[in-house]
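Just below is one structure, and these are the notes that go with it.
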Amino acid sequence: MIVEAEAYLGIEDKAAHSYGGRRTARNEVTYGEGGHVYVFFVYGMYYQLNLVTGPAEHAHVVLIRAVEPIEGIEIMRERRGKMVDKNLTSGPGKLTIAFGIDRSLNGEDLLGNRIWVEEYKNFKKSEIASGPRIGIDYAEEFVKEPWRFWVKGNAFVSKR
DNA sequence: CAAGTGATTAGC
DNA sequence: CTAATCACTTGC
């Protein structure tokens, strides 16, 4: 269950890889149709899972920052090593390890059978909080935009 | 709290 | 070609 996410607004957002229409081999899939996966590698160690959401050429994506394990916890424990359950998926780099996500999923169709999103639970607006995004200190006037959203009080929301 | 890690990018 | 940066995590 997705419990934390951030929006990146394509070419108009200084925090986004596609700011100003920047188009590289890495971010190419974000310019495609929504409903596909964008996976990239950061800090020499971690993959990040994003969902492309907009029409083609808009490069809008949602970064999945944290999830709460519902199924497959045993496999997640194996992949994460000796780690308390609370830390299995409580961050964008952690959850890709727990899910076994790597660059082979970049560009994958969310309607296929390798990775997909299902409706699981409808939260009320009052159960969702929002605030500034994390790790984008370079984004100048966009640093404070409240485009990070999380489930209030959920134990798997990433800490900072 | 700071090192670690290497792909990716921009800049020459 | 080379140097700097980075949508983070872990163990000190």
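Computed from a predicted model, the values in this text were never measured in an experiment. First the proteins, then the strands, lettered A, B, ... as listed; each starts at 1. Heavy atoms only: backbone and side chains are in, while hydrogens, waters and symmetry mates are out.
Screening residues 39-57 of chain A for side chain to side chain donor-acceptor pair (under 3.5 Å), with sequence neighbours left out, gives A/Arg23-A/Glu57. Contacts classified as ring pair (Phe, Tyr, Trp, His ring centres under 6.0 Å) and involving residues 49-98 of chain A (residues at least two apart or in different chains) are given here: A/His58-A/His60.
When every heavy atom of A/Val37 is checked against every heavy atom of A/Ile115, the shortest pair comes out as CG2-CG2, 3.8 Å. Across all non-hydrogen atoms, the minimal contact from A/Val143 to A/Ile136 is CG2-O, 3.6 Å.
Taking atom C1' on both B/dA3 and C/dT5, the two are 16 Å apart, rounded to the nearest angstrom. Distance noted for atom C1' between C/dA4 and B/dG4: 16 Å (whole Å). The gap from the C1' atom of B/dT5 to that of C/dA3 amounts to 16 Å, rounded to the nearest Å.
With salt bridges taken as basic N to acidic carboxylate O contacts below 4.0 Å, one links A/Lys14 and A/Glu140.
Looking only at atom types and distance, the side chain of A/Lys86 has no donor-acceptor partner in the side chain of A/Ser90 under 3.5 Å away.
A donor-acceptor pair under 3.5 Å is formed between the side chain of A/Asn27 and the backbone N or O of A/Thr24. Without hydrogens or angle criteria, A/Arg22 side chain to A/His17 main chain gives a donor-acceptor distance under 3.5 Å. No donor-acceptor distance shorter than 3.5 angstrom exists from the side chain of A/Asn154 to the backbone of A/Val3, with no hydrogens or angles considered. Judged purely by atom type and a 3.5 angstrom limit, A/Glu6 uses its side chain to pair as donor or acceptor with the backbone of A/Ile134.
A/Trp147 and A/Phe142 have tilted rings, their planes meeting at an angle from 30° to 60° on a 0 to 90° scale.
The CD atom of A/Gln48 sits 13 Å away from the C1' atom of B/dA7 (whole-angstrom rounding).
For C/dA7, the glycosidic angle deviates from 0 by 90° or less, giving a syn base.
The structure places NZ of A/Lys82 at 13.0 Å from CG of A/Asn87, a figure rounded to the nearest 0.5 Å. To the nearest 0.5 Å, atoms CD1 (A/Ile2) and NZ (A/Lys121) are separated by 14.0 Å.
Across all strands shown, A/Arg65 has heavy atoms under 4.0 Å from sugar-phosphate atoms exclusively, and none from any base.
Where pairing requires Watson-Crick or G-U contacts shorter than 3.5 Å, the helical stems of DNA chain B with at least three consecutive pairs are B:1-4 with C:8-11, B:6-11 with C:1-6.
Here A/Glu4 pairs with A/Arg65, A/Arg148 under the salt bridge (Lys or Arg N to Asp or Glu O under 4.0 Å) rule; sequence neighbours left out. For the salt bridge (Lys or Arg N to Asp or Glu O under 4.0 Å) test, no residue two or more places apart in sequence or in another chain qualifies with A/Glu71. Every residue was checked against the salt bridge (Lys or Arg N to Asp or Glu O under 4.0 Å) condition with A/Glu78, not counting sequence neighbours, and none meets it.
In this structure, A/Arg133 forms a cation-pi arrangement with A/Tyr8, its terminal cationic atom sitting closer than 6.0 Å to the ring centre and no more than 45° off the ring axis.
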What pairs of donor and acceptor atoms, side-chain ones from residues 97-106 of chain A against any protein atom, are under 3.5 angstrom apart with sequence neighbours left out?
| residue | atom | partner | partner atom | Å |
| --- | --- | --- | --- | --- |
| A/Asp102 | OD1 | A/Ser104 | N | 2.9 |
| A/Asp102 | OD1 | A/Ser104 | OG | 2.7 |
| A/Ser104 | OG | A/Arg114 | NH2 | 3.1 |
| A/Asn106 | OD1 | A/Val39 | N | 3.0 |

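Note that the first and last nucleotides of DNA chain C, 5' to 3', having any atom under 4.0 angstrom from a heavy atom of chain A are C/dC6 to C/dT10.
For the segment residues 144-157 of chain A, the set of residues with a heavy atom within less than 4.0 Å of an atom of DNA chain C is empty. Applying a 4.0 Å cut-off to non-hydrogen atoms, the residues of residues 68-96 of chain A that approach DNA chain C are A/Arg80, A/Met83, A/Gly91, A/Pro92, A/Gly93, A/Lys94, listed by residue number. Within residues 53-64 of chain A, the residues having any heavy atom closer than 4.0 Å to DNA chain C are, in order of number, A/Val61, A/Leu63.
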What nitrogen or oxygen pairs link the protein and nucleotides 8-12 of chain B at under 3.5 Å?
| residue | atom | partner | partner atom | Å |
| --- | --- | --- | --- | --- |
| B/dT8 | OP1 | A/Arg103 | NH1 | 2.9 |
| B/dT8 | OP1 | A/Arg103 | NH2 | 3.1 |
| B/dT9 | OP1 | A/Thr24 | OG1 | 2.4 |
| B/dT9 | OP1 | A/Arg26 | NE | 3.4 |
| B/dA10 | OP1 | A/Arg22 | NE | 3.2 |

